[in-house]
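Heads up: the structure comes next, in C-alpha cells.
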There are 2 protein chains.
Amino acid sequence: MIRITREADYGILLMTYLAQAESQALSAAALAQQRHLPLPMVSKILKTLARAGLLTSQRGALGGYSLARPPAAISAADIIGALEGPIAITECSEEGHDGCCSRQAYCEVSGHWPRINQAIFNALQGISLLEMSRPDPLQPVQFHPLRQTVTANAADHPI
Amino acid sequence: MIRITREADYGILLMTYLAQAESQALSAAALAQQRHLPLPMVSKILKTLARAGLLTSQRGALGGYSLARPPAAISAADIIGALEGPIAITECSEEGHDGCCSRQAYCEVSGHWPRINQAIFNALQGISLLEMSRPDPLQPVQFHPLRQTVTANAADHPI
DNA sequence: TCTATATAGCACTAATCTAGTACCGATTTC
DNA sequence: GAAATCGGTACTAGATTAGTGCTATATAGA
Ligand code: FES
Ligand code: FES
C-alpha cells in the first residue's frame, strides 16, 4: 500500500516534537517517554537523523538532540529520505544497478518511473516540518480531490 | 524507501502493454512472454486487476484480458491501489482500526497524515496509463525540481 | 579525578511481509 | 469432448522490518 517503514513514521513523530521545543535539546529518553515509543527504537532513529544532518547532538550529561535547521527548512521528504534512503519507488529506478534494470530491453515504461518518483518526491518535499508540527490542521480528515483522471472515483480510495 | 511491491510494479508493466494493444484481448501467457515476467505472477496479477474492474476477462480458448476503460481513464493510482489496497502510508492513517491508532492520545501529527497521503495520491492520480504507455517520454531521466523547501538540496536525493 | 548521564556505532534475533509456485474448478472455442 | 484459458485459494521460501543489546566515547558536575 505504498507505505513507509515504522522507523520513518516514528521519525516524523519525533521531529514534530522537537520542532515544538525548537532550540532546547531533548534526550532520547525524554522523547521516548513523551511520544510513548520504545526507547531503543527512538535512540536508533535519532542517531540516524543526526548522522543525516537533520539533528545536532550533544553528548554527555544534559546532552540531547535538537533540530539542525528551522522547522520550515525541513521537509517530510528530508526525514523519510534520511531514514529509508533515497526515494525510489521501484527496483528499476534505483541507482547503482549499473544504472539500469534487467527488464529494460522489454520495457517501455522505463522513462516514466523517474517521473512517478519525482511526483511523489515533490509531494513530500512540499510538506514542511513547520506545517506538520502545528497542533491542529485547518483541513481535518476531509477529502479534497485536486487532479483526477476522467472516470476515477474518489470514493474507491478511502485514503 | 517508499516502495511499491513488485506486484504493482509488474502490474504497471502489464497494463502499459495492454494499453498499446488497446482493444485486442491478450492471454496471460502472451503477456508474460512479451514482458519476460514469470507466468504465475502475471496470471495472479491479471486476476486481481480484473476483479478490481480495470480489466475485462474472456474465458476459454482464444480468451484473454483487455482494458476495461480507455488508457486515459486509468491512472497509476488506480493500478497501484488495486494491487496493494488503499494508499495509506502509515499504520495510523489506515481505516478499520476502529478509526484511530493507539498513539493518537500523544500525537499531534495525526491530522497531517491524511494530507500527506492525499499529496501522494494526487501525484499518482495525475499520471494516466496513456502517458505511461507512450513509447518515450518527452522528459527523459533529467531532474526537474518544482516545489522545494528552503534549504533542501535536490542533489541529496538522486531519485 | 570520579561518577552519572547521554550519544555513537555495531551486531543480533524474531516476527512479518513479499515473491513466487501449485493445484483444482469453471468457461469457452473448435 | 478436448484443448485452451481464466477464477480462486492455499502454500513455501526468502527478504525485510521491528525491536533489542552491548560496548565505546564524550560531557557535566561533585
Ligand atoms: S522496469 Fe526497469 S526498465 Fe522498465
Ligand atoms: S501516529 Fe496515529 S494518531 Fe498520530
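Letters go in sequence order (proteins before strands), and every chain restarts at 1.
Here the side chain of B:D78 pairs a donor or acceptor atom with the backbone of B:S75 at under 3.5 angstrom. A donor-acceptor contact shorter than 3.5 Å links the side chain of A:R35 to the backbone of A:L13.
The interatomic distance linking A:L83 (CG) with D:dA18 (P) rounds to 11 Å, in whole Å. When rounded to the nearest whole Å, the span between CG of A:L49 and C1' of C:dG9 equals 16 Å. Per the geometry, CD belonging to B:E7 stands 15 Å off C1' belonging to D:dA15, to the nearest Å. Whole-Å rounding puts the B:L39 CG to D:dG7 P distance at 14 Å. To the nearest angstrom, P of C:dA8 lies 14 Å from CD1 of A:I45. We find that CG of B:L55 is positioned 11 Å from P of D:dC6, with the value rounded to whole Å. The separation between A:Q58 atom CD and D:dG29 atom P is 11 Å, rounded to whole Å. If you measure from atom NZ of A:K47 to atom P of D:dA26, you get 15 Å, rounded to the nearest angstrom.
In this structure, A:S57 reaches the C:dA8 phosphate: one of its side-chain N or O atoms is under 4.0 Å from OP1 or OP2. Residue B:Y10 places none of its side-chain N or O atoms closer than 4.0 Å to OP1 or OP2 of C:dA19.
At a threshold of 4.0 angstrom between heavy atoms, the contacts of B:A28 are confined to the sugar-phosphate backbone, with no base atom among them. Within the 4.0 angstrom heavy-atom criterion, only backbone atoms of the sugar-phosphate kind lie near A:P38; the bases stay farther away.
We find the CD-CD1 distance between B:E7 and B:I12 to be 12.5 Å, quoted to the nearest 0.5 Å. To the nearest 0.5 angstrom, A:I127 atom CD1 is 14.5 Å from A:I74 atom CD1.
Side-chain proximity of A:R6 to the nucleotides D:dA18, C:dA8, D:dT9 is greatest for D:dA18. Of the candidates C:dT21, D:dG7, C:dC10, D:dG7 carries the atom nearest the B:R59 side chain, counting heavy atoms from C-beta on.
Annotation: of the two residues near DNA chain D, A:L62 and A:I4, the 5′-most nearest-nucleotide partner is A:I4. Between B:A61 and A:M41, the residue anchored nearer the 5' end of DNA chain D, judged by the nucleotide with its closest heavy atom, is B:A61.
Judged purely by distance below 3.5 Å, without hydrogens or angles, the side chains of B:T5 and B:E84 pair a donor atom with an acceptor atom.
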